[in-house]
Amino acid sequence: MIELDNVSYGYRGQPLFSQLSLELAPGSFHFLTGPSGAGKTTLLRLCYADLQAQQGQVRLFGKDATRLDRDAVALTRRRIGVVHQDCQFLDHLSVAENIALPLTVSGRVAEAAANLSELLNWVGLAEQAHQLPQELSGGERQRAALARAVIMSPDFIIADEPTGNVDWEMSQRLMTLLTELNRMGKTILIATHDLNLIRTIKSGVSARVLRLRGGLLDQAGAEL
Ligand SMILES: Nc1ncnc2c1ncn2[C@@H]1O[C@H](COP(=O)(O)OP(=O)(O)OP(=O)(O)O)[C@@H](O)[C@H]1O
C-alpha cells in the first residue's frame, strides 16, 4: 500500500535519512518512535505526499508519488487521513464545520451532513459540535482532528503525536478509536514519543514499532 524504496531526505543540504526503505501493508498498524528531531514528521509527510523524496521512490497505493500531477496527488491524498501534531483548525468555523471541511470543500455537502452526527458521536463530541475549536480541551481537539481525518473514509490514517498534549485517560480513549479504525481494515501509522502508550495497545491488534534514530530506521521492533 505505502512503500518507501531507498528514500533520502534532508534540509539545507544536511541529510536527515538516506536510503530508507519501508513497506506498510494494507490493514497494518505501526508506531513510529524516535528522539525529537529524528525525522518522524518528515517521514510521515513523505508518506502522504506532502514532501517529495529527494532520492529514491515513494509509492502510494501502487503509484510513484514523484510522477503524480497535482490532480493525482489530490486524489491520492483523499485516501489518506492525517491528524496533525497541532490539529490545524480554522478558528472561525465550528467544531462540526471543521470536521466536515474535507467533504464540503469537495462539494459533497449532503454526504457531510449525513456522516457528521455519527462521527461526532463516535468521538464523543456531539455536545461540542457548535463550539469553536479554541473552546475545546486538548483531548477534545485531538478527537475532533481524528474525526476530520476520517470523514472521507480514508484507507490510510497517519497521526503525528495524537496524544501529545492530553492526559493518560484521553490518550487511552484516542488509542481505542484508532484501534477500532484498524479493526475496520484501515492502515494506521502513528508517530509518538510515548512508549507507555505503545505498551498499552489492546490485544487483538498486531501493531509493530518502527524506531527512527540517527538516520536509520529499525524495523526489528517486536510485534505487540
Ligand atoms: N522545513 C524545515 N526546514 C529546515 N529544517 C527542518 C524543517 N522541518 C524539519 N526540519 C528539521 O529536521 C529535523 C527533523 O524534524 P522532524 O520534525 O521531522 O523531527 P521529529 O522526529 O518529528 O521531531 P519531534 O519529535 O520533535 O516532533 C529537525 O532537526 C528539524 O529542525
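Because the structure is predicted, anything quoted here is derived from the model rather than measured. Atoms within each ligand, like the ligands themselves, are counted from 1 in listed order.
Of all the atoms in ligand 1, the ones that sit under 4.0 Å from a non-hydrogen atom of H193 are 25 (O). Every atom of ligand 1 with a heavy atom of P35 under 4.0 Å away is listed here by number and element: 21 (O). Listed by number with element, the atoms of ligand 1 under 4.0 angstrom from any heavy atom of T42 are 16 (P), 18 (O). Close contacts between ligand 1 and A38 involve ligand atoms 19 (O), 21 (O) [criterion: under 4.0 Å to a heavy atom].
Compare Y9, Y11, F17 by their heavy atoms: the one nearest to atom 12 (O) of ligand 1 is in Y11.
Side-chain contact between V7 and L43 is absent, with no heavy atoms from C-beta onward closer than 4.5 Å. Proximity of Y48 to F156: side-chain heavy atoms (C-beta onward) are nowhere separated by under 4.5 Å. Here the side chains of V82 and D50 are not in contact, with every heavy-atom distance at 4.5 Å or above.
With respect to atom 26 (O) of ligand 1, the closest heavy atom belonging to the protein is S36 OG, 2.5 Å. The single protein non-hydrogen atom nearest to atom 29 (O) of ligand 1 is G37 O, 4.2 Å, given as residue, atom name and distance. Atom 19 (O) of ligand 1 has its closest protein heavy atom at G39 N, 3.2 Å. Atom 27 (O) of ligand 1 has its closest protein heavy atom at Q85 NE2, 3.5 Å.
A 6.0 Å sphere centred on CD of Q134 holds more than 12 heavy atoms belonging to other residues, nucleotides or ligands. Sparse packing is recorded around CD of Q55, with 12 or fewer heavy atoms of other residues, nucleotides or ligands lying under 6.0 Å away.
Note: an N/O pair closer than 3.5 Å links T41 and ligand 1 by distance alone. Looking at ligand 1, you'll find an N or O of K40 within less than 3.5 Å of one of its N or O atoms. The shortest N or O to N or O distance between L16 and ligand 1 is not below 3.5 Å.
Closest heavy-atom contact between P162 and A159: CG-CB, 3.7 Å. Minimum interatomic distance between Q219 and R208 (heavy atoms only, all atoms of both residues): O-NH2, 4.4 Å.
The side-chain contact (heavy atoms from CB on, under 4.5 Å) with F31 is formed by just one residue from the set I188, I198, L210, L195; it is I198.
Using the six-membered ring where Trp is involved, Y9 and F17 have ring planes that are tilted, between 30° and 60° apart.
Protein heavy atoms are found inside the 4.0 Å sphere centred on atom 14 (C) of ligand 1. Within the 4.0 angstrom cut-off, atom 31 (O) of ligand 1 has no protein heavy-atom neighbours.
Heavy atoms of R45 stay at 4.0 angstrom or farther from ligand 1.
Taking hydrophobic clusters as Ile, Leu, Val, Met, Phe, Trp and Tyr residues chained together by side-chain heavy-atom distances below 4.5 Å, F29 shares a cluster with L181.
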